[in-house]
Number of protein chains: 2
Amino acid sequence: MPPKDSTSATRAALLDAARREFAAHGIAGARVDRIAELAGVNKERIYGHFGNKEKLFDAVITDALDDLTAQIALPGADPVDYVTRLSAYYDKHPEVVRLLMWEALNYRGQELLPGQETRVERCRRKNASLAEGLGQEPSAGTARTLFVLTGLALLPSMLPQLARIMVGEGDGEHEALREHVSAFTAAALSTAGGRHDSGAPPLPPS
Amino acid sequence: MPPKDSTSATRAALLDAARREFAAHGIAGARVDRIAELAGVNKERIYGHFGNKEKLFDAVITDALDDLTAQIALPGADPVDYVTRLSAYYDKHPEVVRLLMWEALNYRGQELLPGQETRVERCRRKNASLAEGLGQEPSAGTARTLFVLTGLALLPSMLPQLARIMVGEGDGEHEALREHVSAFTAAALSTAGGRHDSGAPPLPPS
DNA sequence: TTGACAGCCAACTGGTTGGTTGGCTAGCGT
DNA sequence: ACGCTAGCCAACCAACCAGTTGGCTGTCAA
């Protein structure tokens with residue numbers, strides 16, 4: 001057989017090419033032939049290594065999420081900084097955001113897929129970390145806050161066109177928007193000691 | 001020719017079927033044959049009425065956004081209520097959210113497409129309304145706030161799986177999440193008179 | 001009455017696509 | 001030295017799919 005690291009190199013090349021292709025065109029739009037060509041290997045290798053198109057996509061997602069988890073520390077004591085860091089990561093890796101969107105659109109209404117336990121566990125850990133940072137016990141309320149924080153960090157990279165339409169596209173505008181998101185988060189968390197589970201807090205002057 | 005309203009009925013049936021199909025599978029994943037069958041008309045009618053698959057998608061989006069604009073009043077004096085209303089609309093029309101996501105993934109990096117002026121104008125109006133509600137002049141800052149508000153309203157419907165993973169899926173949980181988003185918004189806007197353009201406001205207790 | 005045309009459809013087309021097959025090659029154990 | 005096998009590839013295949021064609025029908029204007 002070829003040198004052992006050759007096969008893992010093939011696999012890595014395929015994963016990399018697949019990441020680009022899937023990020024650009026989604027699962028249905030991605031072309032297996034293009035992925036193989038971009039990776040510089042034969043199409044059949046995809047089936048040898050991953051089974052089929054969809055499993056390749058799963059491998060790409062898992063890969064991307066592992067990297068993200070390794071790079072971004074838990075919310076910890078400073079949730080606002082967490083949003084800032086997350087947001088910066090997404091800004092630097094727009095393909096990851098696109099992959100997550102394609103995936104979100106793909107699996108709908110399904111129950112928790114096997115293999116999602118890793119994600120659930122990660123979220124549990126983040127929730128625990130966030131709760132500790134807020135000086136509370138982990139609860140549905142802190143989990144909801146975690147969801148909002150995660151979503152806020154995603155927004156600018158998820159909806160770049162909407163951002164362009166709404167706030168224009170001068171240079172530095174994207175950065176300014178991300179800062180605005182962080183400031184918005186800070187403002188929300190600084191009210192009522194970070195608790196806002198129900199009951200509408202005071203409204204702004206009308 | 002057949003009765004005049006028959007052709008418009010055909011067109012409407014196609015638009016409706018296309019909305020479902022596109023929402024479910026996206027542009028690349030949608031099947032023209034399926035749309036025609038679901039609408040109960042011949043496939044060729046799609047080309048007669050709309051030109052091609054992509055133009056049909058554009059028509060679907062335009063249709064959906066017109067409806068949304070007609071149903072949701074401007075932010076006006078109560079931005080938090082605006083988020084609540086928007087969020088409720090998206091909750092009631094999940095296909096619209098999915099259509100917007102497919103569209104966001106489809107057109108990337110492009111300049112403002114012709115025909116987008118309508119959207120720009122609508123955003124301008126919303127921004128003016130929001131600024132008035134906040135007692136400010138319309139500015140990049142208010143536009144950024146508008147972006148965040150719009151995004152916050154979208155989040156629960158955009159990322160239902162993430163919500164499930166993070167906060168579970170008990171009944172009423174989705175509603176609770178939307179309320180949390182509204183409360184979060186209220187908390188943010190009640191700080192510093194709704195202004196948070198730059199410079200981080202005080203952080204929550206660590 | 002008639003002819004022209006818009007709306008509609010069944011059947012067709014040819015390029016594309018995910019996935020397979022059979023054979024070749026190079027490294028490993030013996 | 002040598003056969004066995006994992007990794008790889010060129011060529012192939014059948015299903016699929018967006019878009020087209022040619023003909024039929026009912027309506028309206030003249």
Side-chain angles (χ1 to χ4, degrees), chain A residues 1-63 99 102-103 105-107 113, chain B residues 1-63 99 102-103 105-107 113:
Chain A
M1 71 187 80
K4 212 170 197 176
D5 56 343
S6 157
T7 119
S8 78
T10 297
R11 200 189 149 91
L14 277 174
L15 267 177
D16 186 64
R19 183 195 284 230
R20 295 175 213 258
E21 177 74 7
F22 280 127
H25 304 106
I27 303 183
R31 294 296 163 237
V32 177
D33 307 61
R34 270 203 298 254
I35 295 175
E37 189 188 351
L38 187 56
V41 301
N42 189 275
K43 177 167 62 151
E44 179 270 354
R45 281 296 76 208
I46 289 174
Y47 300 92
H49 277 299
F50 302 97
N52 61 32
K53 201 189 187 184
E54 203 146 331
K55 285 181 185 167
L56 175 58
F57 181 81
D58 289 346
V60 167
I61 285 273
T62 301
D63 197 51
L99 287 172
W102 292 118
E103 197 210 18
L105 284 167
N106 201 243
Y107 304 109
L113 282 69
Chain B
M1 70 188 80
K4 212 169 196 177
D5 57 343
S6 156
T7 120
S8 78
T10 297
R11 199 189 150 91
L14 277 174
L15 266 179
D16 186 64
R19 184 195 282 230
R20 293 176 215 257
E21 177 75 8
F22 280 127
H25 303 105
I27 303 182
R31 296 294 163 239
V32 176
D33 308 60
R34 269 201 300 251
I35 295 176
E37 189 188 352
L38 187 56
V41 300
N42 190 274
K43 177 166 63 150
E44 180 269 354
R45 281 294 78 208
I46 289 174
Y47 301 92
H49 276 298
F50 302 97
N52 61 31
K53 200 187 185 186
E54 204 146 331
K55 284 181 187 167
L56 174 59
F57 181 81
D58 289 346
V60 167
I61 286 273
T62 301
D63 196 50
L99 287 172
W102 292 118
E103 197 211 18
L105 284 166
N106 200 242
Y107 304 109
L113 283 69

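Throughout, protein chains are lettered first and strands after them, A, B, ... in sequence-line order, and every chain is numbered starting at 1. All values derive from a computational prediction rather than experimental measurement. Heavy-atom basis, side chains included; hydrogens, waters and symmetry copies ignored.
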Quick one: B:L14 CG to D:dG19 C1', roughly how many Å, whole number?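 B:L14 atom CG is separated from D:dG19 atom C1' by 15 Å.
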
CZ of A:R45 versus C1' of C:dT25: gap in Å, rounded?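 That distance rounds to 13 Å.
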
Regarding B:A30, tell me which of base, sugar-phosphate or nothing describes its non-hydrogen contacts under 4.0 Å with the strands shown. sugar-phosphate

According to side-chain hydrogen bond (donor to acceptor under 3.5 Å, both in side chains), who are the partners of [X], at least two apart in sequence or on a separate chain?
X	result
B:N106	none
A:R20	A:D16
B:H25	B:E21

Sequence-distant partners of A:F57, ring-ring contact (aromatic ring centres under 6.0 Å, His included), two or more places apart: A:F22

Using the test ring-ring contact (aromatic ring centres under 6.0 Å, His included), find all partners of A:Y47 that sit at least two apart in sequence or belong to another chain. none

Search all heavy atoms of B:A17 against all heavy atoms of B:I35 and return the closest pair with its distance.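 Of all heavy-atom pairs spanning B:A17 and B:I35, the closest is CB-O, 3.5 Å.
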
Selection: residues 31-44 of chain A, any non-hydrogen atom under 4.0 Å of DNA chain C: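 Close to the strand are A:R31, A:V32, A:D33, A:K43, A:E44.
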
Looking at residues 46-55 of chain B, who's got a heavy atom less than 4.0 Å off DNA chain C?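 Of all residues in residues 46-55 of chain B, the ones placing a heavy atom under 4.0 Å from DNA chain C are B:H49.
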
Could you work out, with side-chain contact (heavy atoms from CB on, under 4.5 Å) as the rule, every residue matching B:R11, not counting sequence neighbours?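 side-chain contact (heavy atoms from CB on, under 4.5 Å) list for B:R11, sorted by chain: B:H49, B:F50.
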
Suppose we screen for side-chain contact (heavy atoms from CB on, under 4.5 Å). Which residues come up paired with A:A13, at least two apart in sequence or across chains? A:A39

Looking at A:T10, does any N or O in its side chain come under 4.0 Å of the phosphate oxygens OP1/OP2 on D:dC8? yes

